[in-house]
Amino acid sequence: MLHTVTLALTKGRILKESLPILSEAGICPIEDIFDSRKLMFLTNIQHLRLLILRGVDVPTYVQFGAADLGITGKDQLLEHGGEGYYEPLDLKIAKCRLMTAALPSSEVKLERTVVATKYVNVARRFYAGLGRQTELIKLYGAMELAPLLDLSDEIVDIVDTGNTLAAHGLVAEKLIANISSRLIVNKLAMKGNFTVVNKIINSIRNVVGSENESN
Ligand code: AMP
């Protein structure tokens with residue numbers, strides 16, 4: 001009997017853009033995900049089920065083997081640190097940039113810069129690489145408000161069109177990383193369940209192209 005394989009998806013924009021890729025790869029949920037409050041779905045493939053998670057949780061589920069595979073943004077992988085999984089495929093969807101931003105008038109402080117972000121690990125590494133001292137403030141949303149209300153000097157956030165920053169009078173400054181969604185695979189699942197897991201990876205690779213990016 002085949003062991004059930006679990007693929008964790010990221011709700012929101014990434015889900016909307018990954019479902020057509022999965023469908024083209026022959027993987028379809030047996031009910032409408034958007035029409036349900038459920039977080040776990042069976043698929044047309046008997047031994048494959050889908051989870052719908054927040055992006056921040058996908059690397060954790062895959063790291064500990066609660067999910068065998070996952071699809072989430074590179075921003076979440078950079079923040080998580082990459083332990084316990086491989087990153088075999090760039091799906092080239094939900095593209096955006098991880099950037100620093102500040103009010104246009106602000107000068108780079110020589111002493112400690114206060115940075116508000118949900119990406120505290122990424123920010124810590126990035127500013128350390130610039131040789132700048134920071135105090136990091138962890139937020140879970142609405143980062144754009146922090147410089148306006150003097151909570152922070154700068155923010156680290158996802159930028160797509162730049163409209164959200166502009167609406168708050170902020171300007172994007174330094175590019176930390178170009179972001180797209182990636183397929184990740186639990187290291188043990190890759191070994192123990194090689195045939196099924198590899199078949200899923202290959203069917204998705206056939207849709208998104210063979211270019212293998214894992215930076
Ligand atoms: P924008 O106004 O187009 O620059 O979009 C910025 C906001 O949209 C960010 O604060 C993010 O929350 C969200 N966003 C944009 N692109 C993505 C993406 N690929 N993945 C997740 N969130 C995104």
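The first residue in the sequence is number 1, and the count goes up from there. Note: hydrogens, waters and symmetry copies are ignored here, and every other heavy atom, side chains too, is used. Start at 1 and go down the list; that is how both ligands and their atoms are numbered.
For OH of Y61, the number of neighbouring non-hydrogen atoms (other residues, nucleotides, ligands) closer than 6.0 Å is 12 at most. More than 12 heavy-atom neighbours from other residues, nucleotides or ligands sit within 6.0 angstrom of CZ on R125.
Of all the atoms in ligand 1, the ones that sit under 4.0 Å from a non-hydrogen atom of V159 are 4 (O). Taking every heavy atom of T161 and a limit of under 4.0 angstrom, the matching atoms of ligand 1 come to 1 (P), 2 (O), 3 (O), 4 (O). Near C96, the atoms of ligand 1 lying under 4.0 angstrom from a non-hydrogen atom of the residue are 16 (N), 17 (C), 18 (C), 19 (N).
Protein heavy atom in closest approach to atom 22 (N) of ligand 1: I158 CG2, 4.1 Å. Protein heavy atom at the shortest distance from atom 8 (O) of ligand 1 is T164 OG1, 4.7 Å.
For S203 (side chain) and K199 (main-chain N/O), a donor-acceptor pair under 3.5 Å exists by modelled atom type. With hydrogens and angles ignored, the 3.5 Å screen pairs no side-chain donor or acceptor of R49 with any backbone N or O of V5. Between the S181 side chain and the A94 main chain, no donor and acceptor come within less than 3.5 Å of each other. Proximity of a side-chain donor or acceptor of E173 to a complementary backbone N or O of T100 within less than 3.5 Å is not detected.
Remark: distances from the non-hydrogen atoms of G162 to ligand 1 include one below 4.0 Å. In this structure, E144 counts as a contact residue of ligand 1, since one of its heavy atoms falls inside 4.0 Å of the ligand.
Only the side chain of D157 comes within 4.0 Å of ligand 1, judged by heavy-atom distances. Of the heavy atoms in R13, only side-chain atoms (C-beta onward) come closer than 4.0 Å to ligand 1.
The shortest N or O to N or O distance between D160 and ligand 1 is below 3.5 Å. Between A94 and ligand 1, at least one pair of N/O atoms sits closer than 3.5 Å.
Protein non-hydrogen atoms do reach within 4.0 Å of atom 14 (N) of ligand 1.
There is a side-chain donor-acceptor pair under 3.5 Å between D90 and S180.
Annotation: salt bridge (charged side-chain N to carboxylate O under 4.0 Å, His left out) contacts involving residues 126-147, sequence neighbours excluded, comprise R132-E154.
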